[in-house]
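Here's the structure, in structure tokens; my notes come after.
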Protein chains: 2
Amino acid sequence: MRTIDTPVWLTAEQQQVWRTYLGATNRVRQHLDNELRQFDLDLGEYEILVRLSEAPYRSIRMSELADQVGQSRSRLTHTVTRLETKKLLARGSCPGDRRGVLATLTDEGYAFLEEVAPYHVASVREILVDPVCAEDFAALGRVMQSVLDADLPTEA
Amino acid sequence: MRTIDTPVWLTAEQQQVWRTYLGATNRVRQHLDNELRQFDLDLGEYEILVRLSEAPYRSIRMSELADQVGQSRSRLTHTVTRLETKKLLARGSCPGDRRGVLATLTDEGYAFLEEVAPYHVASVREILVDPVCAEDFAALGRVMQSVLDADLPTEA
DNA sequence: CCAAATAAGTTGAACTCTCAACTGTTGCTG
DNA sequence: CAGCAACAGTTGAGAGTTCAACTTATTTGG
């Protein structure tokens with residue numbers, strides 16, 4: 001939505017930041033996926049395992065999990081099916097709501113995550129934490145929080 | 001790579017920033033893709049058109065274009081094939097190097113881009129520019145530039 | 001307390017992306 | 001200048017994602 005006063009274009013500086021943003025976020029994702037590849041995982045799968053590992057009973061409902069990792073329900077269904085085949089997690093029924101499905105990290109999945117995590121954390125450091133000075137890193141946190149907090153005109 | 005002195009885990013603050021980063025970058029991408037969807041484009045395709053529109057003769061070599069938009073050559077081939085089918089761009093041969101292929105934005109592609117761009121820019125504003133204060137936005141630029149500049153141990 | 005609306009999750013087909021193999025071209029090196 | 005390595009781009013198969021349709025269960029409201 002544009003009102004009469006909002007300019008159509010970005011300033012040169014804004015555009016510069018925006019392009020850098022595109023390139024850098026791309027690079028971050030590629031680096032992490034690359035490093036996770038030796039474990040036959042991608043970032044999306046890794047996030048699922050992490051969320052489960054932190055949850056009570058290492059279990060989360062499908063739709064709640066989908067929200068947490070920002071994936072569509074359909075995509076989560078497919079991905080969870082794959083991870084289930086690898087025995088990293090299991091599906092169960094959801095107490096109190098027979099529609100629900102509970103995804104649970106297996107012991108094997110937990111052990112696997114313990115193995116992978118240090119490498120992943122190292123990748124995050126390499127690509128995002130180490131290259132950035134402390135003040136700017138804090139600012140990054142604020143920026144990203146603002147993005148999450150913003151309620152968009154279009155979806156209101 | 002970890003040396004003896006780098007800690008395995010992130011601090012609570014670092015982890016907080018990291019998670020916020022994951023959620024927010026996800027949201028940004030989803031918002032932009034969502035808004036571009038009404039034009040039957042995704043962000044990757046849009047970027048291709050923009051780069052071409054800015055280049056001399058509205059033309060760029062495939063491999064150069066792949067670098068600019070951060071896509072693999074293979075992916076670019078497929079995407080360009082699709083965009084070519086839509087008549088938004090055309091392939092030509094590359095003067096001076098018979099291996100090369102030159103992608104060129106058609107007039108139709110240019111006109112289409114002119115139509116789409118204002119909506120896209122508005123989306124970028126909504127999701128990233130407007131919610132963030134000026135200083136933090138500048139810091140975001142520095143952060144992203146650092147990520148691009150960082151040379152990674154693993155790829156050295 | 002029943003009917004309709006909403007919610008949770010899955011399914012399969014169409015589409016996109018990845019990966020490795022392949023063709024043709026250019027550059028290098030002895 | 002012959003031979004070989006590296007480069008540019010494409011291809012097709014396999015893997016992953018999206019989208020809309022569908023099933024089953026819960027909630028809502030008349």
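As the structure is a computational prediction, the values presented were derived from the model and not from experiment. Lettering follows sequence order; numbering is per chain, from 1.
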Next on the checklist: Using the rule given for side-chain contact (heavy atoms from CB on, under 4.5 Å), can you reason through Arg142(B) versus Val132(A), listing the C-alpha separation, both sets of side-chain angles and the distance that settles it, and then say yes or no?
Outcome noted: CA-CA 8 Å; Arg142(B) 288 194 299 274; Val132(A) 175; over 6 Å; no

Next on the checklist: Applying side-chain contact (heavy atoms from CB on, under 4.5 Å) to Gln68(B) and Val50(B), what does each step give before you reach the verdict?
Outcome noted: CA-CA 11 Å; Gln68(B) 284 192 25; Val50(B) 168; over 6 Å; no

Checklist entry - For Arg98(B) and Ser93(B), what are the C-alpha separation, side-chain angles and deciding distance, and is it a side-chain contact (heavy atoms from CB on, under 4.5 Å)? => result CA-CA 7 Å; Arg98(B) 268 178 304 184; Ser93(B) 54; over 6 Å; no

Next on the checklist: Run the side-chain contact (heavy atoms from CB on, under 4.5 Å) test on Val124(A) and Gln14(B) for me, step by step, so that the C-alpha distance in whole Å, both residues' side-chain angles and the decisive distance to 0.1 Å come before the verdict.
Outcome noted: CA-CA 10 Å; Val124(A) 174; Gln14(B) 287 172 332; over 6 Å; no

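Comparing Gly100(B) and Arg75(A) by the nucleotide of DNA chain D that holds the closest heavy atom to each, the one mapping nearer the 5' end is Gly100(B). If Glu45(A) and Gly96(A) are placed on DNA chain D by their nearest nucleotide, the residue sitting closer to the 5' end is Glu45(A). Mapped onto DNA chain C by nearest heavy atom, Cys94(A) and Thr79(B) fall at different nucleotides, with Cys94(A) at the one closer to the 5' end.
Candidate nucleotides dT26(C), dT10(C), dG9(D) were compared by shortest atom distance to the side chain of Arg91(A), and dT10(C) ranks first. Comparing dT10(C), dT26(C), dT18(C) by their closest approach to the side chain of Thr77(A) singles out dT10(C).
Crowding of Phe39(A) atom CZ: a count of heavy atoms from other residues, nucleotides or ligands under 6.0 Å exceeding 12.
One can place CG of Leu41(B) at 15 Å from C1' of dT16(C), the figure rounded to the nearest angstrom. Atom pair Gln30(B):CD and dT17(D):P shows a separation of 13 Å (rounding to whole Å applied). The separation between Arg82(B) atom CZ and dA14(C) atom P is 17 Å, rounded to whole Å. Note: CZ (Arg29(A)) to P (dC17(C)) measures 14 Å, nearest angstrom. We find that CG of Leu76(A) is positioned 16 Å from C1' of dC19(D), with the value rounded to whole Å. For the pair Asp42(A) CG and dT18(C) P, the computed distance is 11 Å after rounding to whole Å. Regarding Asn34(A), its CG atom lies at a distance of 18 Å from the P atom of dC17(C), rounded to whole Å. Rounded to a whole Å, the CG atom of Asn26(A) is 10 Å from the P atom of dT18(C).
Contacts with DNA chain C (heavy atom under 4.0 Å) in residues 58-67 of chain A: Arg61(A), Met62(A), Ser63(A), listed by number.
Evaluation of atom-type donor-acceptor distances gives no pair under 3.5 Å for the side chain of Ser72(A) against the base of dT17(D). Put simply, the side chain of Ser74(A) and the base of dT11(C) share a donor and an acceptor less than 3.5 Å apart. Counting atom types as modelled, His78(A) pairs a side-chain N or O with a base atom of dG12(C) as donor and acceptor under 3.5 Å.
To the nearest 0.5 Å, atoms CG (Leu83(A)) and CG (Leu76(A)) are separated by 9.0 Å. With values rounded to the nearest 0.5 angstrom, Glu114(B) atom CD is found 12.5 Å from Leu49(B) atom CG.
Salt-bridge formation is detected for the pair Asp107(A)/Arg58(A): a Lys NZ or Arg NE/NH1/NH2 atom is positioned less than 4.0 Å from an Asp or Glu carboxylate oxygen.
In summary, the side chains of Arg82(B) and Thr85(B) do not present any donor paired with an acceptor at a separation below 3.5 Å, with no hydrogens or angles considered.
At the phosphate of dT26(C), OP1 or OP2 sits under 4.0 Å from a side-chain N or O atom of Arg98(B).
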Distances under 3.5 Å between protein N/O atoms and the N/O atoms of nucleotides 5-7 of chain D, please, pair by pair.
from: dC7(D); atom 1: O2; to: Arg99(B); atom 2: NH1; distance (Å): 3.1

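Clustering ILVMFWY residues whenever any of their side-chain heavy atoms sit less than 4.5 angstrom apart, transitively, puts Leu32(A) in the very cluster that holds Trp9(B).
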